[in-house]
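Here is the naming used below: chain letters follow the sequence lines, and residue numbers restart at 1 for every chain.
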2 protein chains.
Amino acid sequence: MTTSTEENYLKAIYHLSTGNQNSVLTSAIAGSLSTSSASVTDMIKKLSDKNMVEYERYRGVKITRKGEKVALSIIRRHRLWEVFLMDKLKFKWDEVHDLAEELEHVSSDEMTRRLDAYLGFPKFDPHGDPIPDTNGKVHTNGQVLLSDIIKKGKYILCGVNDHSPSFLQYLEKKGLVPGSVFSIVEMDEYDNSMQIIFSNKKSIFISKEISKNLLVRNHE
Amino acid sequence: MTTSTEENYLKAIYHLSTGNQNSVLTSAIAGSLSTSSASVTDMIKKLSDKNMVEYERYRGVKITRKGEKVALSIIRRHRLWEVFLMDKLKFKWDEVHDLAEELEHVSSDEMTRRLDAYLGFPKFDPHGDPIPDTNGKVHTNGQVLLSDIIKKGKYILCGVNDHSPSFLQYLEKKGLVPGSVFSIVEMDEYDNSMQIIFSNKKSIFISKEISKNLLVRNHE
DNA sequence: AAAATATTTTAGACTTGTCTAAAATTAATA
DNA sequence: TATTAATTTTAGACAAGTCTAAAATATTTT
Ligand SMILES: [Mn+2]
Ligand SMILES: [Mn+2]
Ligand SMILES: [Mn+2]
Ligand SMILES: [Mn+2]
């Protein structure tokens, strides 16, 4: 039995772990959950007792396979609910996160399976993040940061790294949502900004600040 | 701000209040929530401080207008989620209650409104219970206990009073679900049992035990 | 390598919700 | 009406999760 507090910690630890081999530091978890380091230390001990994380005092934690499985099942539920809120209840992509944060803790494997089926087995959530499958496998599809792109060409936006409503609203206003196809027409060597153009000929500037948070894939 | 524990207490008190003018006793609440009387007394004080109930020591509580409004909004969410689980996720009517018990605490007026619209503004839940509207108004429609019926005739099942999965499964096996139309063909004066017949000519016996838990309405 | 700084952990306290056992009050019975 | 019985409340304790302030440890600087 995991409480929703434990689930939130595991999710945070999982997210802080991905793409980085090192231990996750107490302060990082505290920052991510807006809580005190003292509280984090307490919870870490509890999760360590349950073999959800490996804990070394003063050195941080590493999530275990067991902890990771729990985290992935929460993330799966979170993202499925986000799809539901957007596709069925017509919320906008910048509005779904907070509600999903609550819904993800309603735990029933059977309900999750049925929700998945009802939504048509979606593979990505409204922000372009992959939805882990029943076994906790995450299917990513070679997406890369727009800021890492070095050659001009046609790309498709598949996701974002900054999930804040303000950023999402900004993108939407610019016409950038998951699935948007555009071509890079100009890349500035000096400030790493770029100019892109949509199929409808509308063209916009993208600063490094922005492109660092955009996940794209080559589009044929 | 109400916690989900407070919400569960208010809901229990509301349900124990309806159809009975008297105060709700501590022991009744304890029984309904499977908790100790000591815990109930503690929570009652808290709810009383928040003006959700009027409390008289040793005499029980009466729910206030304010408490009732909260209770009704939880009941509204509960029943809407039950409709969702049944209509959209294809759960059976005896499976939806426990999940709704959790989902009802995810509180967003906006989400509730959209869920309502998405479900087509249903007026009743899968058990035939009326769904309170946005203002907390409950529209009942002259339904009466089958056990109180004194004259033969054609009736429609609109709801049940016993929501236990075993009872619901029993009814379903007999072919009795909300909306079922049947005629009373025989009423036993002695044990108050009755024989009913469906439009498909199938006929079954209904004991007093059962009819006490069935809500029906005259069918033309 | 010692001193200064930053991070992490412990200590102690608080809140919410729960429990059992004892005390207080109300209701029933003889 | 005086006991007895049942119900309700209080007292005291506990678990989960949180906090601040102080102590312990690690890291950086001089
Ligand atoms: Mn959450
Ligand atoms: Mn998302
Ligand atoms: Mn509930
Ligand atoms: Mn119901």
Side-chain angles (χ1 to χ4, degrees), chain A residues 1-14 16-17 20-63 67 70-71 74 101-102 104-107, chain B residues 1-14 16-17 20-63 67 70-71 74 101-102 104-107:
Chain A
M1 267 307 331
T2 56
T3 66
S4 37
T5 311
E6 287 171 346
E7 290 179 349
N8 285 335
Y9 271 91
L10 282 172
K11 206 161 53 111
I13 294 167
Y14 173 84
L16 292 166
S17 298
N20 139 328
Q21 206 56 261
N22 313 320
S23 291
V24 178
L25 299 177
T26 302
S27 50
I29 301 168
S32 154
L33 291 174
S34 303
T35 187
S36 74
S37 291
S39 302
V40 173
T41 301
D42 285 346
M43 180 54 83
I44 275 174
K45 284 179 189 160
K46 201 174 152 197
L47 291 174
S48 178
D49 289 345
K50 293 190 173 188
N51 297 310
M52 298 290 192
V53 298
E54 269 176 50
Y55 173 43
E56 215 176 327
R57 284 170 76 235
Y58 290 99
R59 285 279 131 83
V61 294
K62 273 194 165 64
I63 198 162
V70 174
I74 313 302
E101 203 60 43
E102 291 192 60
E104 70 188 1
H105 302 291
V106 177
S107 63
Chain B
M1 268 305 331
T2 56
T3 66
S4 37
T5 311
E6 288 171 346
E7 291 180 348
N8 284 336
Y9 271 90
L10 282 172
K11 205 162 52 112
I13 294 168
Y14 173 83
L16 292 166
S17 299
N20 138 328
Q21 206 58 261
N22 313 318
S23 291
V24 178
L25 298 177
T26 302
S27 50
I29 302 168
S32 154
L33 290 173
S34 304
T35 186
S36 74
S37 291
S39 303
V40 173
T41 301
D42 285 345
M43 180 54 83
I44 276 175
K45 285 179 188 159
K46 202 173 152 198
L47 292 175
S48 178
D49 289 345
K50 293 191 173 188
N51 296 311
M52 298 290 191
V53 297
E54 272 175 48
Y55 174 42
E56 215 176 325
R57 285 171 74 234
Y58 290 99
R59 284 280 129 82
V61 293
K62 274 191 166 62
I63 197 162
V70 175
I74 312 303
E101 202 61 43
E102 290 191 60
E104 69 187 2
H105 302 292
V106 177
S107 62

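As judged by a 4.0 angstrom heavy-atom cut-off over every strand, B:Ser37 is placed among the base-contacting residues. Within 4.0 Å (heavy atoms only), B:Ser36 reaches at least one base atom of the nucleic acid. Contacts of B:Ser39 with the nucleic acid, taken as non-hydrogen atoms under 4.0 Å apart, include base atoms.
Checked by atom type and distance alone, the side chain of A:Lys50 pairs as donor or acceptor with a backbone atom of A:Met1 at under 3.5 Å. Proximity of a side-chain donor or acceptor of B:Ser48 to a complementary backbone N or O of B:Ile44 within less than 3.5 Å is not detected.
Not one side-chain nitrogen or oxygen of B:Ser27 sits closer than 4.0 Å to the OP1 or OP2 atom of D:dA6. Checking the phosphate oxygens (OP1, OP2) of C:dT16, no side-chain nitrogen or oxygen of B:Thr5 falls inside 4.0 Å. A:Thr3 has no side-chain polar atom (N or O) that falls below the 4.0 Å cut-off from OP1 or OP2 of D:dA16. Regarding contacts with the backbone of D:dT27, a side-chain N or O of A:Arg59 is found under 4.0 angstrom from either OP1 or OP2. The phosphate of D:dA23 (OP1 or OP2) has no side-chain N or O of A:Tyr58 nearer than 4.0 angstrom. The side chain of A:Tyr55 contributes an N or O atom lying less than 4.0 Å from OP1 or OP2 of C:dT9. At C:dT10, none of the side-chain N or O atoms of A:Thr41 fall inside 4.0 Å of OP1 or OP2 (strictly under the cut-off).
Atom CG in A:Asn22 sits about 13 Å away from atom P in D:dT27, given to the nearest Å. Rounded to an integer number of Å, the gap from A:Met43 CE to C:dT10 C1' is 17 Å. Note: CD1 (B:Ile29) to P (D:dT9) measures 9 Å, nearest angstrom. Atom CG in A:Leu25 sits roughly 12 Å away from atom C1' in D:dT27 (whole-Å rounding). Atom pair A:Asp42:CG and D:dA16:C1' shows a separation of 10 Å (rounding to whole Å applied). Rounded to whole angstrom, the span from the CD atom of B:Glu6 across to the P atom of C:dT16 amounts to 9 Å. Taking atom CG on A:Asp49 and atom P on D:dA15, their separation rounds to 14 Å, with Å as the unit. Here D:dA15 presents its C1' atom at 16 Å from NZ of A:Lys45, a figure rounded to the nearest Å.
Crowding of B:Glu54 atom CD: a count of heavy atoms from other residues, nucleotides or ligands under 6.0 Å not exceeding 12.
Listed nucleotides D:dT8, D:dT9, C:dT9 differ in distance to B:Arg57; the shortest reach to its side chain belongs to D:dT9.
The pair B:Glu56-B:Lys62 does not count as a salt bridge, with every side-chain nitrogen at least 4.0 angstrom from each carboxylate oxygen. Between B:Glu6 and B:Lys11 there is no salt bridge, since none of the side-chain N atoms of the basic residue sits less than 4.0 Å from a carboxylate O of the acidic one.
If B:Ala38 and A:Ser4 are placed on DNA chain D by their nearest nucleotide, the residue sitting closer to the 5' end is B:Ala38.
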